[in-house]
Amino acid sequence: MSKKEKIKKTNDERILDQHHVKYQKVFFNWLEKGADALGEAEAVGVPAKSILKTIVLKGSDNENDYLVVCLPLEFEIDLKLIANQLHKKQVHLADNKKLINITGYVHGANTPIGINIRKGFPIYFDERIKEYEEISVSAGKVGRSVRLKQRDLVELVAGKYLKVQ
(Lines give C-alpha, C1' and ligand atoms only; values in the text may rest on other atoms or scores of the structure.)
Protein backbone atom coordinates (compact mmCIF):
# COMPACT_ATOMS: atom_id res chain seq x y z
CA MET A 1 0.00 0.00 0.00
CA SER A 2 1.50 3.36 -0.98
CA LYS A 3 1.59 6.30 1.39
CA LYS A 4 -1.27 7.98 -0.49
CA GLU A 5 -3.42 4.86 -0.13
CA LYS A 6 -2.59 4.35 3.53
CA ILE A 7 -5.55 5.00 5.81
CA LYS A 8 -4.83 7.85 8.18
CA LYS A 9 -5.32 7.35 11.88
CA THR A 10 -8.20 9.13 13.53
CA ASN A 11 -7.52 11.51 16.40
CA ASP A 12 -8.93 8.90 18.77
CA GLU A 13 -6.49 6.28 17.50
CA ARG A 14 -3.69 8.80 18.10
CA ILE A 15 -4.96 9.31 21.67
CA LEU A 16 -4.83 5.55 22.23
CA ASP A 17 -1.29 5.48 20.84
CA GLN A 18 -0.21 8.35 23.12
CA HIS A 19 -1.55 6.45 26.13
CA HIS A 20 0.04 3.17 24.96
CA VAL A 21 -3.34 1.42 24.74
CA LYS A 22 -3.34 -1.54 22.35
CA TYR A 23 -6.24 -1.71 19.89
CA GLN A 24 -7.34 -3.10 16.55
CA LYS A 25 -8.87 -0.99 13.81
CA VAL A 26 -12.28 -2.22 12.73
CA PHE A 27 -14.19 -1.00 9.70
CA PHE A 28 -17.96 -1.37 9.69
CA ASN A 29 -19.45 -0.41 6.35
CA TRP A 30 -22.97 -1.54 7.12
CA LEU A 31 -24.48 1.76 5.93
CA GLU A 32 -22.97 1.33 2.47
CA LYS A 33 -24.23 -2.25 2.30
CA GLY A 34 -27.74 -1.24 3.34
CA ALA A 35 -27.44 -3.63 6.29
CA ASP A 36 -27.72 -3.05 10.01
CA ALA A 37 -24.91 -2.75 12.53
CA LEU A 38 -25.80 -5.98 14.35
CA GLY A 39 -25.76 -7.97 11.12
CA GLU A 40 -22.42 -6.47 10.15
CA ALA A 41 -20.98 -7.35 13.56
CA GLU A 42 -21.97 -10.98 13.08
CA ALA A 43 -20.53 -10.96 9.56
CA VAL A 44 -17.09 -9.89 10.83
CA GLY A 45 -17.24 -12.25 13.81
CA VAL A 46 -17.58 -9.67 16.58
CA PRO A 47 -20.14 -10.38 19.35
CA ALA A 48 -22.84 -7.72 18.91
CA LYS A 49 -23.13 -7.16 22.67
CA SER A 50 -19.48 -6.13 22.75
CA ILE A 51 -20.03 -3.26 20.30
CA LEU A 52 -20.92 -0.10 22.15
CA LYS A 53 -22.93 2.89 21.09
CA THR A 54 -22.12 6.23 22.66
CA ILE A 55 -25.06 8.30 23.87
CA VAL A 56 -24.63 11.92 24.89
CA LEU A 57 -27.02 13.05 27.60
CA LYS A 58 -27.86 16.47 28.99
CA GLY A 59 -28.55 16.83 32.67
CA SER A 60 -30.93 19.42 34.04
CA ASP A 61 -28.49 20.87 36.56
CA ASN A 62 -26.93 23.57 34.34
CA GLU A 63 -26.27 24.54 30.73
CA ASN A 64 -23.01 22.55 30.52
CA ASP A 65 -24.22 19.45 32.35
CA TYR A 66 -23.37 16.77 29.79
CA LEU A 67 -22.47 13.13 30.32
CA VAL A 68 -21.88 10.12 28.13
CA VAL A 69 -23.30 6.62 28.46
CA CYS A 70 -21.92 3.71 26.46
CA LEU A 71 -23.95 0.55 26.06
CA PRO A 72 -24.21 -2.41 23.69
CA LEU A 73 -25.92 -1.64 20.38
CA GLU A 74 -28.88 -3.88 20.99
CA PHE A 75 -29.92 -2.37 24.33
CA GLU A 76 -32.02 0.67 25.11
CA ILE A 77 -31.39 3.29 27.76
CA ASP A 78 -33.63 4.12 30.74
CA LEU A 79 -33.20 7.85 31.31
CA LYS A 80 -35.08 7.85 34.63
CA LEU A 81 -32.90 5.04 35.99
CA ILE A 82 -29.73 6.86 34.97
CA ALA A 83 -30.91 10.17 36.47
CA ASN A 84 -31.77 8.39 39.71
CA GLN A 85 -28.35 6.70 39.96
CA LEU A 86 -26.56 9.98 39.28
CA HIS A 87 -28.77 11.93 41.71
CA LYS A 88 -30.09 14.26 39.01
CA LYS A 89 -33.64 15.49 38.61
CA GLN A 90 -33.63 14.22 35.05
CA VAL A 91 -31.46 13.58 32.02
CA HIS A 92 -32.43 13.65 28.37
CA LEU A 93 -30.78 12.98 25.04
CA ALA A 94 -28.60 15.80 23.79
CA ASP A 95 -29.83 17.49 20.62
CA ASN A 96 -28.48 15.51 17.64
CA LYS A 97 -28.29 18.70 15.57
CA LYS A 98 -25.93 20.23 18.13
CA LEU A 99 -23.70 17.17 18.74
CA ILE A 100 -20.82 18.51 16.66
CA ASN A 101 -20.79 21.66 18.81
CA ILE A 102 -21.24 19.73 22.07
CA THR A 103 -18.79 16.88 21.52
CA GLY A 104 -16.79 17.71 18.40
CA TYR A 105 -18.21 14.64 16.63
CA VAL A 106 -21.09 14.08 14.23
CA HIS A 107 -23.94 11.72 15.08
CA GLY A 108 -22.66 8.16 14.56
CA ALA A 109 -19.04 9.03 15.32
CA ASN A 110 -19.27 10.01 18.99
CA THR A 111 -16.73 8.17 21.09
CA PRO A 112 -15.98 8.09 24.80
CA ILE A 113 -12.27 8.44 24.06
CA GLY A 114 -12.23 11.86 22.42
CA ILE A 115 -15.21 13.24 24.31
CA ASN A 116 -13.57 12.52 27.66
CA ILE A 117 -10.05 13.58 26.69
CA ARG A 118 -11.10 16.77 24.88
CA LYS A 119 -14.27 17.81 26.68
CA GLY A 120 -13.85 16.18 30.08
CA PHE A 121 -17.41 14.83 30.14
CA PRO A 122 -17.96 12.00 32.62
CA ILE A 123 -18.23 8.61 30.95
CA TYR A 124 -20.48 5.80 32.18
CA PHE A 125 -20.63 2.25 30.88
CA ASP A 126 -23.45 -0.27 31.01
CA GLU A 127 -22.39 -2.67 33.76
CA ARG A 128 -23.22 -5.61 31.47
CA ILE A 129 -20.05 -4.97 29.44
CA LYS A 130 -17.96 -6.31 32.34
CA GLU A 131 -18.50 -9.79 30.92
CA TYR A 132 -16.53 -8.91 27.77
CA GLU A 133 -12.77 -8.75 27.81
CA GLU A 134 -12.78 -6.83 24.53
CA ILE A 135 -15.20 -4.20 23.28
CA SER A 136 -15.55 -1.96 20.25
CA VAL A 137 -16.28 1.77 20.25
CA SER A 138 -16.25 4.39 17.55
CA ALA A 139 -12.84 5.66 16.51
CA GLY A 140 -14.31 9.12 15.96
CA LYS A 141 -15.38 8.64 12.37
CA VAL A 142 -18.52 7.02 10.98
CA GLY A 143 -17.74 3.44 9.97
CA ARG A 144 -14.48 3.31 11.95
CA SER A 145 -14.16 1.58 15.29
CA VAL A 146 -11.46 0.40 17.60
CA ARG A 147 -11.51 -2.91 19.42
CA LEU A 148 -9.68 -2.91 22.71
CA LYS A 149 -9.70 -4.35 26.18
CA GLN A 150 -12.74 -3.19 28.09
CA ARG A 151 -10.67 -2.49 31.18
CA ASP A 152 -8.18 -0.34 29.21
CA LEU A 153 -10.96 1.87 27.86
CA VAL A 154 -12.69 2.29 31.21
CA GLU A 155 -9.38 3.22 32.85
CA LEU A 156 -8.38 5.63 30.07
CA VAL A 157 -11.59 7.67 30.34
CA ALA A 158 -11.97 7.25 34.14
CA GLY A 159 -15.27 5.55 33.41
CA LYS A 160 -17.79 4.25 35.89
CA TYR A 161 -20.36 1.49 35.57
CA LEU A 162 -24.14 2.00 35.75
CA LYS A 163 -27.33 0.09 35.24
CA VAL A 164 -28.77 1.59 32.09
CA GLN A 165 -31.85 -0.58 31.67
Side-chain angles (χ1 to χ4, degrees), residues 7-16 18-19 21 23 25-38 40-41 48-129 135-148 150 153-165:
I7 296 172
K8 293 182 181 179
K9 289 187 177 189
T10 66
N11 288 334
D12 290 60
E13 291 166 343
R14 286 187 199 94
I15 290 169
L16 292 171
Q18 290 168 357
H19 288 88
V21 175
Y23 63 93
K25 294 178 186 178
V26 181
F27 299 89
F28 293 106
N29 61 353
W30 57 275
L31 287 174
E32 294 171 13
K33 291 181 179 178
D36 65 31
L38 296 175
E40 181 72 5
K49 289 182 182 176
S50 72
I51 300 173
L52 306 185
K53 57 185 171 184
T54 303
I55 311 245
V56 181
L57 300 176
K58 171 87 175 73
S60 58
D61 295 344
N62 67 53
E63 187 59 34
N64 295 314
D65 185 21
Y66 290 103
L67 59 123
V68 173
V69 175
C70 299
L71 67 155
L73 286 175
E74 63 185 355
F75 295 131
E76 298 296 321
I77 194 167
D78 183 334
L79 298 175
K80 287 182 181 181
L81 179 62
I82 290 171
N84 187 31
Q85 290 175 85
L86 298 177
H87 308 290
K88 295 183 177 287
K89 285 184 183 180
Q90 64 179 173
V91 296
H92 57 272
L93 297 174
D95 185 347
N96 272 345
K97 294 176 187 171
K98 296 180 182 177
L99 277 177
I100 188 90
N101 295 328
I102 296 167
T103 66
Y105 297 93
V106 297
H107 178 70
N110 279 287
T111 169
I113 300 163
I115 294 172
N116 178 260
I117 300 294
R118 290 199 179 90
K119 299 291 186 171
F121 295 170
I123 310 293
Y124 298 93
F125 293 93
D126 183 337
E127 66 183 9
R128 292 174 286 197
I129 71 161
I135 55 174
S136 297
V137 294
S138 173
K141 186 174 180 183
V142 176
R144 288 275 290 274
S145 294
V146 289
R147 188 142 183 90
L148 67 164
Q150 177 256 128
L153 176 62
V154 174
E155 286 177 15
L156 176 67
V157 301
K160 295 184 171 84
Y161 297 100
L162 284 177
K163 272 189 167 185
V164 301
Q165 187 180 41

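Basis for what follows: all heavy atoms, side chains included, without hydrogens, waters or symmetry-related copies. Bear in mind that the values here come from a model prediction, so they are computed numbers and not experimental data.
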task: Start with the C-alpha gap between Leu162 and Leu86, add the side-chain angles, then the distance that decides, and say whether side-chain contact (heavy atoms from CB on, under 4.5 Å) holds.
output: CA-CA 9 Å; Leu162 284 177; Leu86 298 177; 4.1 Å; yes
query: Can you name the residues that form a side chain to side chain donor-acceptor pair (under 3.5 Å) with Gln165, not counting sequence neighbours?
result: Arg128
statement: Taking every heavy atom of Cys70 against every heavy atom of Ile123, the minimum-distance pair comes out as SG-CG2, 4.3 Å
- prompt: Can you name the nearest heavy-atom pair linking Ala139 to Thr10, along with the distance?
  reply: O-OG1, 2.7 Å
- request: Output yes when a side-chain donor or acceptor of Ser138 lies under 3.5 Å from a complementary backbone atom of Ala109, and no otherwise.
  value: yes
field: Check against side-chain contact (heavy atoms from CB on, under 4.5 Å), Ile113 and Val146
entry: CA-CA 10 Å; Ile113 300 163; Val146 289; 4.1 Å; yes
- prompt: Are any of the side-chain heavy atoms of Asp12 and Arg144 separated by less than 4.5 Å?
  reply: no
Please list every donor-acceptor pair under 3.5 Å in which a side-chain atom of residues 96-103 meets a protein atom from a residue at least two apart or in another chain.
residue: Asn96; atom: OD1; partner: His107; partner atom: ND1; Å: 3.4
residue: Thr103; atom: OG1; partner: Leu99; partner atom: O; Å: 2.9
residue: Thr103; atom: OG1; partner: Tyr105; partner atom: N; Å: 3.0
residue: Thr103; atom: OG1; partner: Tyr105; partner atom: O; Å: 3.3
residue: Thr103; atom: OG1; partner: Asn110; partner atom: OD1; Å: 2.7

- request: Starting at NZ of Lys58, measure out to CG of Asn64 and round the result to the nearest 0.5 Å.
  value: 7.0 Å
- prompt: Taking only residues two or more places apart in sequence or in another chain, which ones pass side chain to side chain contact (heavy atoms under 4.5 Å, CB included) with Val154?
  reply: Phe125, Gln150, Tyr161
field: CD-CG distance between Glu76 and Leu71, expressed to the nearest 0.5 angstrom
entry: 8.0 Å
task: Using the side-chain hydrogen bond (donor to acceptor under 3.5 Å, both in side chains) rule, pick out the option among Arg14, Lys8, Glu13 that qualifies with Asn11.
output: Arg14
task: May I ask you to test the Asn116-Val68 pair for a side-chain heavy-atom distance under 4.5 Å?
output: no
- request: Tell me, please, which residues at least two apart from Lys119 pass side chain to side chain donor-acceptor pair (under 3.5 Å).
  value: none
- request: Keeping the roles fixed (side chain from Lys53, backbone from Leu73), state whether a donor-acceptor pair exists under 3.5 Å.
  value: yes
field: Asp78 side chain to Val164 backbone, donor-acceptor under 3.5 Å
entry: no
Test item: Gln85 side-chain N/O and Lys163 main-chain N/O as donor-acceptor pair under 3.5 Å: yes
message: So, using side chain to side chain contact (heavy atoms under 4.5 Å, CB included) as the criterion, who are the partners of Leu79 when residues are at least two apart?
response: Leu57, Ile77, Val91
message: Do Lys49 and Phe75 have side chains that approach each other closer than 4.5 Å (heavy atoms only, starting at C-beta)?
response: yes
task: Answer yes or no: does atom NZ of Lys141 have more than 12 heavy-atom neighbours from other residues, nucleotides or ligands under 6.0 Å?
output: no
- prompt: Roughly how far, to the nearest 0.5 Å, is CD1 of Ile82 from CD1 of Ile55?
  reply: 8.5 Å
- request: Go through Val157 and Ile115 one step at a time and tell me if the side-chain contact (heavy atoms from CB on, under 4.5 Å) criterion holds.
  value: CA-CA 9 Å; Val157 301; Ile115 294 172; over 6 Å; no
Close side-chain approach of Val137 to Pro112, heavy-atom, < 4.5 Å: yes
message: Please enumerate all residues that pass side chain to side chain contact (heavy atoms under 4.5 Å, CB included) together with Asn84, with sequence neighbours excluded.
response: none
Interatomic spacing from NE2 in His19 to CG in Leu153 - rounded to 0.5 Å: 12.0 Å
- line: Interatomic distance, CD1@Ile15 vs CD1@Ile117, rounded to 0.5 Å, equals 5.5 Å
